[in-house]
> 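Take this structure first; my questions come after.
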Amino acid sequence: MESFALHSLSSSAFPLSSRASLFRRSRPLVKSPPSIHSFSSLPTLRSPSLLPSKPFISLSHSPKPRKTHFPIQASQSALPQTTLAPPPAQPLQGAKPIPFIISIAIGIVVRFFVPKPVQVTPQAWQLLAIFLSTIAGLVLSPLPVGAWAFLGLTTSVVTGTLSFPTAFSAFTNEVIWLIVISFFFARGFVKTGLGDRIATYFVKWLGKSTLGLSYGLTISEALIAPAMPSTTARAGGVFLPIIKSLSLSGGSKPGDPSKRKLGSYLIMSQFQSAGNSSALFLTAAAQNLLCLKLAEELGVIVSSPWVSWFKAASLPAFVCLLATPLVLYKLFPPETKDTPDAPAMATKKLENMGPVTKNEFIMVCTMLLAVSLWVFGDALGLASVVTAMIGLSVLLLLGVLDWDDCLSEKSAWDTLAWFSVLVGMAGQLTNLGIVNWMSSSVAKTLQSYSLSWPAAFGVLQAAYFFIHYLFASQTGHVGALYSAFLAMNLAAGVPGVLAALALAYNTNLFGALTHYSSGQAAVYYGAGYVDLPDVFKVGFIMAFVNAVIWAIVGSFWWKFLGLY
């Protein structure tokens, strides 16, 4: 776009007619009209012989044009170096044709060519077709996510599948607004520099070796995660700048063989650890809150959600956080093992940052208040979204954030739009019986293989995990498949709270599968320190490592907690 804008500017400022006038007003090159054969000997436009001794550019018509001039006309082959390059092709506007056709075709095929089951009403079947087209568009991206979701919403209203109030009912969903406000909290961490300060302290304390440096960054992310509910914001606003600074100081440059000295390992370790940090706390990632809301719609209620979530996730997540840097140290080793200068660099950076500012102090106090109310909110009768509203109000009143900060957080408003569409459609599919029909069908298939509920639980969890290779968003995956897979688990006899939490934890862990599997994946891969084959290879291996740890440690831990 920048190059296109520059071309447009140059074209509008100096149109072809103006450029031609420059030639017409210059002194004649020769006294008689030149022959076509003489052009090969003429100097190019960049030749010094054609440049005036003094710089001169005239953009207005001279009142007294020169009488002696000869228009030069020649073919493109005669003057290959003097012809103007054709303007670049404008980028395609609107929907991408092939993804658009495929996405629409899926819905049309389901609606008109797939026989409707007897148990399903025509309204439910039509909504399923629209929903599948919407999900296909989220994967294929004929339009940006928000725009495509709005088209799906419009289709459901225009066709009479949903009434206007029903179609827009999810826009008042408490969990979705909690997710939106979490984006503003993340902006506060970045704007005040609090997240950067916390991470820098851990580099100072643990950064004498590359492995210690990785542990310092991993632990610091786990600590700030519950109060900074965006993995992408943590990656792009806090940890990637620190890792790049440390890597460059150690002679490790992106896009260069030296990247394996330090940067590749630190990026990969932080990338793979981020999923467990997000799985550790309910408020560490936006999709966590959505998972529990969808579970509630299926009748699975998690009491004291913040505490219950943390208790169930704590032991397996802690083990994975401790294991990941060490496993990658062996699997994807850095060339530089010791980083004796890192603590000194961190100390100097902290000195440059100065003492804790007033806004940082306010941010700390506000987040401590918010986390406390999230933990004890049920006893006080405060919903999680109300706690978030109180926290945001404090930040606005005290000037840590201003309303322009909120308005410029485009990801928050985009999420509000397309999340509400997906949640609304998913809720109506449940109300109209589609989810129950699908779960019953899958449950009968699993029962035909005589699978016990633990075996069915493992199969469904694995399927839910690896389907994410088709998705470029964790939250999109949740909106599309979480309800259906939870219903399948329930139909197979899996305890409800266990199934709901396990699927939610899985949602965080598959964020490191590929370079497109999550927002933080794009951030870390875009830094230029890791190669694409390594992302896929390490992502698959670490997915297996995480699955083994969560399956073994989690099964014993969840049995101890009484989840099954």
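Keep in mind that the numbers below use all heavy atoms, side chains included, and drop hydrogens, waters and symmetry copies.
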> Taking side-chain contact (heavy atoms from CB on, under 4.5 Å) as the criterion, tell me which of T134, I176, V145, L290 meets it with L422.
T134
> Is any side-chain heavy atom of L563 closer than 4.5 Å to a side-chain heavy atom of P495?
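No, every pair of side-chain atoms sits at 4.5 Å or beyond.
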> Please evaluate residues L392 and F185 with respect to the criterion side chain to side chain contact (heavy atoms under 4.5 Å, CB included), reporting the C-alpha separation (whole Å), side-chain torsions for both, the decisive distance (0.1 Å), and the verdict.
CA-CA 7 Å; L392 178 59; F185 284 165; 4.2 Å; yes
> Might you confirm whether atom CZ of F310 has over 12 heavy atoms from other residues, nucleotides or ligands at distances under 6.0 Å?
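Yes, because the 6.0 Å sphere around CZ of F310 holds more than 12 heavy atoms from other groups.
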> Can you tell if the side chain of I130 reaches within under 4.5 Å of the side chain of T159, non-hydrogen atoms only?
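Side-chain contact under 4.5 Å: yes.
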> Closer than 3.5 angstrom, by distance alone: can the side chain of T161 be matched with the main-chain N or O of V157 as a donor-acceptor pair?
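Pair absent, no side-chain N/O of T161 close to backbone of V157.
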> Using every non-hydrogen atom in the two residues, find where T231 and A284 come nearest and quote the distance to one decimal.
OG1-O, 4.1 Å
> If only atom types and distance count, is the side chain of S518 paired as donor or acceptor with the main-chain N or O of A521 below 3.5 Å?
yes
> Please check if any side-chain donor atom of N276 sits under 3.5 Å from a side-chain acceptor atom of N508, or the reverse.
no
> Using a cut-off of 6.0 Å, state whether more than 12 heavy atoms not belonging to Y564 lie near its atom OH.
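Atom OH in Y564 is packed in, count exceeds 12.
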> Under a 3.5 Å cutoff, is there a donor and acceptor pairing between the side chains of T166 and S163?
yes
> Could you state the interatomic distance from CD1 (I390) to CG (L382), rounded to the nearest 0.5 Å?
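If I round to the nearest 0.5 Å, the distance is 5.5 Å.
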> Begin with the C-alpha distance, continue with both residues' side-chain angles, and end with the deciding distance and a verdict on side chain to side chain contact (heavy atoms under 4.5 Å, CB included) for M228 and V190.
CA-CA 9 Å; M228 193 174 183; V190 174; 3.7 Å; yes
> Just say parallel, tilted or perpendicular for the rings of W177 and W413, cut-offs at 30° and 60°.
perpendicular
> If you define the side chain from C-beta out and look only at heavy atoms, does anything of W558 sit under 4.5 Å from L501?
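No; the side chains remain at least 4.5 Å from each other.
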> Could you give me the CA-CA distance, side-chain angles and deciding distance for Y464 and T507, then say whether side-chain hydrogen bond (donor to acceptor under 3.5 Å, both in side chains) is met?
CA-CA 9 Å; Y464 180 77; T507 301; 2.9 Å; yes
> With side chains defined as the heavy atoms from C-beta onward, is the minimum distance between I434 and L127 less than 4.5 Å?
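No. Closest side-chain heavy atoms not under 4.5 Å.
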> Hey, could you give me the CZ/CD1 distance between F332 and I541, rounded to the nearest 0.5 Å?
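Result: 11.0 Å between the selected atoms.
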> Between W437 and V442, is any pair of side-chain heavy atoms under 4.5 Å apart?
no
> Should the pair W453 and F457 be assigned to parallel (<30°), tilted (30 to 60°) or perpendicular (>60°) ring geometry?
perpendicular
> Between F556 and F560, does the ring-ring contact (aromatic ring centres under 6.0 Å, His included) criterion hold? Intermediate values first, please.
CA-CA 6 Å; F556 287 105; F560 174 77; over 10 Å; no
> Would you say the side-chain atoms of W550 pair up with the backbone N or O of L509, donor to acceptor, closer than 3.5 Å?
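Checked: no pair found.
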> So which heavy atom on A543 is nearest to which on L513, and how close?
CB-CD2, 4.0 Å
> Is atom CZ of F376 surrounded by more than 12 heavy atoms (other residues, nucleotides or ligands) closer than 6.0 Å?
no
> I106 and A136: which non-hydrogen atoms are nearest, and at how many Å?
CD1-CB, 3.6 Å
> Just how far is it from atom CD of Q270 to atom CD1 of I242, taken to the nearest 0.5 Å?
9.0 Å
> Could you walk me through whether W306 and T283 pass side-chain hydrogen bond (donor to acceptor under 3.5 Å, both in side chains), step by step?
CA-CA 8 Å; W306 205 95; T283 53; 3.2 Å; yes
> As a quick check of understanding, evaluate side-chain hydrogen bond (donor to acceptor under 3.5 Å, both in side chains) for S278 and R234, giving each step before the final call.
CA-CA 10 Å; S278 297; R234 295 197 301 268; 3.0 Å; yes
> Any side-chain heavy-atom pair from Q428 and N431 closer than 4.5 angstrom?
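Yes, close enough: below the 4.5 Å cut-off.
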> When you measure from the side chain of S308 to the backbone of P305, do you find a donor-acceptor pair of N or O atoms at a distance under 3.5 Å?
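Here the side-chain-to-backbone pair does not exist.
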> For Y265, which of Y329, Y529, F271 qualifies under ring-ring contact (aromatic ring centres under 6.0 Å, His included)?
Y329
> Can you tell me if NZ on K116 sees more than 12 non-hydrogen neighbours from other groups inside 6.0 Å?
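Result for NZ/K116: enclosed.
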> Any side-chain to backbone donor/acceptor pair from Y215 onto L322? Under 3.5 Å, distance only.
yes
> Specify the closest pair of heavy atoms between P316 and I549, including all atoms of both residues, with the distance to one decimal.
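Result for this residue pair: O-CG2, 3.9 Å.
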> Looking only at heavy atoms, what is the nearest atom pair of W418 and A149, with distance?
CB-CB, 3.6 Å
> Drop me the distance from S483's OG to L294's CG, to the nearest 0.5 angstrom.
4.0 Å
> Tell me if a side-chain donor or acceptor on S269 pairs with a main-chain N or O of L266 at a distance below 3.5 Å.
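No: the side chain of S269 does not pair with the backbone of L266.
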> Step by step, would you call R197 with Y201 a side chain to side chain contact (heavy atoms under 4.5 Å, CB included)?
CA-CA 6 Å; R197 184 183 295 273; Y201 268 113; 3.7 Å; yes
> So how far is it from S220 OG to D196 CG, rounded to the nearest 0.5 Å?
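One finds 10.0 Å between OG of S220 and CG of D196.
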> Kindly indicate, with the supporting measurements, whether the criterion side chain to side chain contact (heavy atoms under 4.5 Å, CB included) is fulfilled by Y524 and F239.
CA-CA 10 Å; Y524 285 128; F239 293 99; 3.8 Å; yes
> Between W557 and K311 (side chain of the first, backbone of the second, donor and acceptor by atom type, cut-off under 3.5 Å), is there such a pair?
yes
> Would you say the side-chain atoms of N546 pair up with the backbone N or O of M542, donor to acceptor, closer than 3.5 Å?
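Side chain of N546 to backbone of M542, a donor-acceptor pair under 3.5 Å: yes, one is there.
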> Verify the ring-centre separation between H515 and F536: is it less than 6.0 angstrom?
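Yes, ring centres under 6.0 Å apart.
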> Can a side-chain donor-acceptor contact be found between T475 and Q287 if the only test is distance below 3.5 angstrom?
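Checked: Q287/T475 side chains show no N/O donor-acceptor pair below 3.5 Å.
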> Looking at Q119, I'd like to know if its CD atom is crowded, meaning that more than 12 non-hydrogen atoms belonging to other residues, nucleotides or ligands lie closer than 6.0 Å.
yes
> Where is the tightest heavy-atom contact between S273 and T218, given as atom of each residue plus distance?
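Reported closest heavy-atom pair: OG-OG1, 3.6 Å.
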> Kindly state whether the ring of W309 and the ring of F281 have centres lying under 6.0 angstrom apart.
no
> Taking the ring of Y482 and the ring of H477, is the distance between their centroids below 6.0 Å?
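For H477 and Y482, the ring centres are not under 6.0 Å apart.
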> With heavy-atom distances below 4.5 Å as the criterion, would you say the side chains of L368 and V364 are in contact?
yes
> Do W148 side-chain atoms and S133 backbone N/O form a donor-acceptor pair below 3.5 Å?
yes
> Mind checking the CD1-CG spacing from I362 to L194? Nearest 0.5 Å is all I need.
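Those atoms lie 11.5 Å apart.
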> I'd like to know if the side chain of T324 and the backbone of L321 have a donor-acceptor N/O pair within less than 3.5 Å.
no
> Taking C-beta and beyond as the side chain, do S517 and Y469 meet within less than 4.5 Å on heavy atoms?
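No, side chains not in contact.
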